[in-house]
Chemist: 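Pasting a structure here, questions to come.
For this chain, numbers begin at 1 and follow the sequence in order. Below, all heavy atoms of this structure are taken into account, side chains as well, without hydrogens, waters or symmetry copies. No experiment lies behind these values; they were computed from the predicted model shown.
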Amino acid sequence: MQLKNKMVQGFDFDLVIIGAGVGGHGAALHAVNCGLKVAIVEVGEMGGTCVNRGCIPSKALLAASRRVRELRDADNLKALGIQIENVTFDRQALAAYATNIVNKIRSDMTNSLKRQGVEIIKGWGQVVGPQKVSIGDKTITAEDIILAPGSIPWVPPGIEIDGKTVFTSDDALKLESLPPWIAIIGSGYIGLEFADIYTALGCEVTIIEALDQLMPTFDPDIAKQAQRVLIAARDIETRVGMMAKKVTPGEPVVIELADTKTKEVVEILEVDACLVATGRIPYTQNLGLESVGIELDSRGFIPTNEYMAVLAGGEVVPHLWAIGDATGKLMLAHAASAQGIAVVETILGRPRIVDYRSIPAAAFTHPEISFVGLTESAAKELGKTEGFEVATVRSYFKGNSKALAEGETEGLAKVIYRQDNGEVLGVHILGIHAADLIHEAAYAIAHRQSVRELAFLVHTHPTVSEVLDEAYKRAIALH
């Protein structure tokens with residue numbers, strides 16, 4: 001596509017993106033491929049949280065630690081006719097493996113932008129007026145600006161971080177030590193994945209969850225079985241309904257545990273280390289948003305409409321957009337990328353919104369957990385509003401031929417659908433390759449497909465994909 005001559009209109013660029021995480025990177029590549037002149041501003045490392053301090057290094061550590069766990073599982077290996085003794089690992093080499101993967105992906109991302117002609121500007125980007133961005137003492141103009149500043153770990157009040165004995169996932173990913181006993185505050189994705197890594201490498205773990213149930217953000221049926229497989233079967237103890245009221249770094253780390261309801265201290269834990277995995281908050285300070293009349297919401301998120309246009313007092317700010325974690329829509333790297341591409345399409349006069357119901361998510365534990373769409377309770381609430389009944393069906397990995405051959409039979413798939421027309425509303429999976437399996441369900445939800453259609457699709461035999469095939473067939477057998 002021929003570039004438009006923006007110099008005539010007085011702009012340095014068609015599009016400037018503040019933040020070079022997965023969302024900003026995806027938006028930049030799509031925009032330049034559509035013929036726009038693009039600059040991307042980044043104060044830190046290319047790739048943002050996902051590449052440098054999130055998805056990529058954590059998955060590298062999970063992959064390495066999973067192999068250690070598998071090679072030390074003598075009973076399972078014996079069943080396969082394999083005998084291995086004295087499995088050891090090098091902590092520093094394991095950490096270096098993750099670092100090398102990060103360096104490669106970060107380099108690949110940088111090179112992909114350069115090859116496509118995206119201008120990379122290092123520094124802190126701020127909005128200093130309509131269609132203006134400053135980076136230090138330099139100001140550039142653009143017809144459109146996308147804000148993609150991302151998020152940072154949230155540390156609750158009362159918890160003191162020293163980066164060595166008490167730390168967030170940012171420091172945990174460096175794997176500078178393997179504490180004999182580590183407390184993990186939070187039982188969401190981050191907490192579960194690190195519990196998986198630490199126990200595989202020989203650490204004892206205590207999971208602290210402030211709410212009255214473990215894994216509160218997961219489907220209850222999935223959470224129940226996951227707790228048995230990922231927690232009860234491992235060297236993990238739990239404290240549920242308790243909050244870490246005060247955490248003091250040192251040797252040992254002292255944690256004052258309080259009853260979440262009464263706020264009274266009920267136990268003092270002394271552990272070797274503490275990982276704070278209590279979620280993330282938007283990194284939206286000092287962006288200069290006040291220069292165009294924008295106020296962050298009460299949680300610090302940038303207000304946007306469904307097209308990701310930034311709002312000030314409920315009104316669209318022309319030519320200003322926001323994507324990713326900073327918007328609070330769905331804090332996932334691939335959601336940010338989808339939002340960025342949708343914004344570029346909208347800028348080009350082809351308005352597009354993101355279908356959040358069809359965006360899948362996964363925890364890369366062993367076995368994996370994934371889901372897409374609605375939970376059963378959310379589906380029932382929607383049913384009350386729109387006047388339909390909800391049904392569910394389950395199938396299990398223990399009856400799947402490939403899972404049996406792999407010796408990985410723990411897990412289930414749960415499909416949530418409308419009784420009247422069979423439309424799939426949500427799918428939740430625990431089991432081997434769950435993070436890959438979920439995309440079939442995501443496609444089905446994106447196209448609002450029915451279990452009555454899906455039940456007649458043909459799946460390769462033997463594969464674990466037949467777990468979903470079995471679920472769809474059970475659904476139509478029930479009606």
Chemist: Is the gap between the ring centers of Phe218 and Tyr189 under 6.0 Å?
Modeler: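 Judged by ring-centre distance (under 6.0 Å), Phe218 and Tyr189 do meet the cut-off.
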
Chemist: Before you tell me yes or no, could you show the steps for Leu330 and Val354 under side-chain contact (heavy atoms from CB on, under 4.5 Å), namely the whole-Å CA-CA distance, both residues' side-chain angles and the distance that decides it to 0.1 Å?
Modeler: CA-CA 11 Å; Leu330 193 58; Val354 175; over 6 Å; no

Chemist: Measuring only between side-chain heavy atoms, which start at C-beta, is Ile359 closer than 4.5 Å to Leu332?
Modeler: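 Yes, close enough: below the 4.5 Å cut-off.
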
Chemist: Dump the intermediate steps for side chain to side chain donor-acceptor pair (under 3.5 Å) on Glu466 and His461, then the final yes or no.
Modeler: CA-CA 7 Å; Glu466 292 174 292; His461 177 77; 2.9 Å; yes

Chemist: Find out whether Leu425 and Arg357 are in side-chain contact, i.e. whether some heavy atom of one side chain is under 4.5 Å from a heavy atom of the other.
Modeler: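 A side-chain contact exists here, since the closest heavy-atom pair is under 4.5 Å.
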
Chemist: Would you call Asp420-Arg418 a salt bridge at under 4.0 Å N-O?
Modeler: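 A salt bridge is present here (some side-chain N lies under 4.0 Å from a carboxylate O).
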
Chemist: Does the Ser187 side chain pair with the main chain of Leu214, one donor and one acceptor, at a distance under 3.5 Å?
Modeler: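 No, the answer is negative, given that no donor and acceptor are paired below the 3.5 Å cut-off.
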
Chemist: Is the closest side-chain heavy-atom distance between Leu320 and Val292 below 4.5 Å?
Modeler: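 In contact.
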
Chemist: Evaluate the side-chain proximity of His25 to Leu113: yes if any heavy-atom separation is below 4.5 Å, no if none is.
Modeler: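 Side-chain contact under 4.5 Å: yes.
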
Chemist: What is the minimum heavy-atom distance between Val343 and Tyr307, and which atoms define it?
Modeler: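 Closest approach of Val343 to Tyr307: CG2-O, 3.8 Å.
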
Chemist: What distance do Thr199 atom OG1 and Ile182 atom CD1 have between them, rounded to the nearest 0.5 Å?
Modeler: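 The distance works out to 11.0 Å.
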
Chemist: Hey, are the side chains of Ile101 and Pro57 touching, using non-hydrogen atoms and a 4.5 Å cut-off?
Modeler: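 A side-chain contact is absent here, since even the closest heavy-atom pair is not under 4.5 Å.
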
Chemist: Given side chains that start at C-beta, do those of Phe194 and Leu173 come closer than 4.5 Å, heavy atoms only?
Modeler: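 Heavy-atom side-chain distance check passes, below 4.5 Å.
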
Chemist: Please say which of Lys402, His366, Lys398 ends up in a side-chain hydrogen bond (donor to acceptor under 3.5 Å, both in side chains) with Glu408.
Modeler: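 Of all the options given, the one that passes is His366.
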
Chemist: Quick one: closest heavy-atom pair of Gly21 and Glu42, and the distance?
Modeler: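 Closest approach of Gly21 to Glu42: N-OE1, 4.4 Å.
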
Chemist: Kindly give the heavy-atom pair with the smallest separation between Leu430 and Pro367, and that separation in Å.
Modeler: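 The pair with the smallest heavy-atom distance is CD1-CG, 3.9 Å.
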
Chemist: For Glu315, I'd like to know if atom CD has over 12 heavy atoms of other residues, nucleotides or ligands within 6.0 Å.
Modeler: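 Incorrect, the count does not exceed 12.
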
Chemist: So that I can tick it off, tell me whether Glu381 and Lys384 are bridged by a salt bridge, with the cut-off set at under 4.0 angstrom between side-chain N and carboxylate O.
Modeler: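 Counted as a salt bridge, because a side-chain N and a carboxylate O are separated by less than 4.0 Å.
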
Chemist: Report the C-alpha distance between Gln339 and Tyr356 in whole Å, list the side-chain angles of each, state the deciding distance to 0.1 Å, and finish with yes or no for side chain to side chain donor-acceptor pair (under 3.5 Å).
Modeler: CA-CA 10 Å; Gln339 289 170 337; Tyr356 294 102; 2.9 Å; yes

Chemist: Within this structure, what is the CG-CD distance for the pair Leu296 and Gln285, rounded to the nearest 0.5 Å?
Modeler: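 If we round to the nearest 0.5 Å, Leu296:CG and Gln285:CD are 6.0 Å apart.
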
Chemist: Is it the case that the side chain of Glu470 and the backbone of Val467 share a donor-acceptor pair, with hydrogens and angles ignored and the cut-off at 3.5 Å?
Modeler: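 Checked: no pair found.
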
Chemist: So, Thr206 side chain and Ala183 main chain: donor-acceptor pair closer than 3.5 Å or not?
Modeler: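 No.
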
Chemist: Please assess Phe456 against Ile476 for the test side-chain contact (heavy atoms from CB on, under 4.5 Å), listing each intermediate value before the final yes or no.
Modeler: CA-CA 10 Å; Phe456 294 98; Ile476 63 169; 4.2 Å; yes

Chemist: Hey, could you give me each pair passing salt bridge (Lys or Arg N to Asp or Glu O under 4.0 Å) that has a residue in residues 186-201? Not counting sequence neighbours.
Modeler: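 Passing the test, one end in residues 186-201: Lys59-Glu193, Arg69-Asp196, Asp196-Arg234.
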
Chemist: So, Glu389 and Lys380, do they make that salt bridge, N to O below 4.0 Å?
Modeler: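 No, this pair does not count.
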
Chemist: Look up atom CD1 in Ile294 and atom CG in Leu287, then write down how far apart they are to the nearest 0.5 Å.
Modeler: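 Rounded to the nearest 0.5 Å, the CD1-CG separation comes out at 9.5 Å.
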
Chemist: Decide, yes or no, whether a salt bridge links Asp355 with Arg448 under the criterion of side-chain N to carboxylate O below 4.0 Å.
Modeler: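 Yes, Asp355 and Arg448 are salt-bridged.
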
Chemist: Would you say Asp171's side chain and Phe167's backbone share a donor-acceptor pair under 3.5 angstrom?
Modeler: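 Absent.
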
Chemist: When you check the gap from the basic side-chain N to the acidic O, do Asp297 and Arg299 get nearer than 4.0 Å?
Modeler: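 Counted as a salt bridge, because a side-chain N and a carboxylate O are separated by less than 4.0 Å.
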
Chemist: Keeping the roles fixed (side chain from Thr375, backbone from Ala378), state whether a donor-acceptor pair exists under 3.5 Å.
Modeler: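 Yes, Thr375 side chain to Ala378 backbone: donor-acceptor pair under 3.5 Å.
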
Chemist: Tell me whether Lys414 is salt-bridged to Asp221, with the criterion being a basic N under 4.0 Å from an acidic carboxylate O.
Modeler: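 Asp221 and Lys414: salt-bridged.
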
Chemist: So, do Tyr443 and His439 have ring centers that fall under 6.0 Å from each other?
Modeler: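 When the ring centroids of Tyr443 and His439 are compared, they turn out to be at least 6.0 Å apart.
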
Chemist: When you measure from the side chain of Thr327 to the backbone of Ile323, do you find a donor-acceptor pair of N or O atoms at a distance under 3.5 Å?
Modeler: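 Flag not set: sc Thr327 to bb Ile323 has no pair under 3.5 Å.
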
Chemist: Check the pair Cys55, His334 against side-chain contact (heavy atoms from CB on, under 4.5 Å), reporting the backbone distance first and the verdict last.
Modeler: CA-CA 11 Å; Cys55 323; His334 47 285; over 6 Å; no

Chemist: If I take atom NZ from residue Lys473 and atom CG from residue Leu468, how far apart are they, to the nearest 0.5 angstrom?
Modeler: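 Between atom NZ of Lys473 and atom CG of Leu468 there are 11.0 Å.
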
Chemist: Are the side chain of Ser450 and the backbone N or O of Asn421 linked by a donor-acceptor pair below 3.5 Å?
Modeler: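 Checked: pair present.
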
Chemist: Under 3.5 Å, is there a donor on one side chain and an acceptor on the other for His319 and Glu143?
Modeler: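 Per modelled atom types, His319 and Glu143 side chains form no pair under 3.5 Å.
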
Chemist: Looking only at non-hydrogen atoms, find the nearest pair between Ile281 and Pro153 and report the distance.
Modeler: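 Here Ile281 and Pro153 meet closest at CG1-O, 4.3 Å.
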
Chemist: Are more than 12 heavy atoms, taken from residues, nucleotides or ligands other than Phe301, located less than 6.0 Å from that residue's CZ atom?
Modeler: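 Yes, the 6.0 Å shell around CZ holds more than 12 heavy atoms from other groups.
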
Chemist: Do side-chain atoms of Ser465 reach the backbone of His459 as a donor and acceptor pair under 3.5 angstrom?
Modeler: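 A pair under 3.5 Å: no.
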
Chemist: Strictly distance-based, threshold 3.5 Å: is any side-chain N or O of Asp14 a donor or acceptor partner for the main-chain N or O of Lys37?
Modeler: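 Confirmed, Asp14 side chain pairs with Lys37 backbone.
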
Chemist: So do the side chains of Asp144 and Val16 get within less than 4.5 Å of each other, counting heavy atoms only?
Modeler: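 No. Closest side-chain heavy atoms not under 4.5 Å.
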
Chemist: Which distance, rounded to the nearest 0.5 Å, do you find between the CG of Leu62 and the OG of Ser58?
Modeler: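 Atom-to-atom, Leu62:CG and Ser58:OG are 6.0 Å apart.
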
Chemist: Minimum heavy-atom separation for Val38 and Ala31, please, with both atom names.
Modeler: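 Closest approach of Val38 to Ala31, heavy atoms only: CG2-CB, 3.7 Å.
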
Chemist: Does Asp259 pair with Lys263 as a salt bridge, N-O distance under 4.0 Å?
Modeler: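 Salt bridge: no.
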
Chemist: Answer with yes or no whether the side chains of Glu376 and His428 bring together a donor and an acceptor at under 3.5 Å.
Modeler: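 Short answer, no.
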
Chemist: Considering non-hydrogen atoms only, spot the tightest contact between Val316 and Ala309 and give its length.
Modeler: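 In this case the closest contact between Val316 and Ala309 is CG1-CB, 4.0 Å.
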
Chemist: Go through Thr49 and Arg280 one step at a time and tell me if the side chain to side chain donor-acceptor pair (under 3.5 Å) criterion holds.
Modeler: CA-CA 11 Å; Thr49 294; Arg280 301 183 67 83; 3.3 Å; yes

Chemist: So how far is it from Leu201 CG to Leu175 CG, rounded to the nearest 0.5 Å?
Modeler: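 If we round to the nearest 0.5 Å, Leu201:CG and Leu175:CG are 6.5 Å apart.
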
Chemist: Among Leu437, Val415, Leu374, Ile416, find the one that has a side chain to side chain contact (heavy atoms under 4.5 Å, CB included) with Val427.
Modeler: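 Looking at Leu437, Val415, Leu374, Ile416, the match for Val427 under the side chain to side chain contact (heavy atoms under 4.5 Å, CB included) is Val415.
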
Chemist: Closer than 3.5 angstrom, by distance alone: can the side chain of Ser337 be matched with the main-chain N or O of Gly23 as a donor-acceptor pair?
Modeler: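 Here the side-chain-to-backbone pair does not exist.
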
Chemist: Taking the side chain as every heavy atom from C-beta outward, state whether Ile18 and Ile146 have any pair of such atoms under 4.5 Å apart.
Modeler: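 A side-chain contact under 4.5 Å is absent here.
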
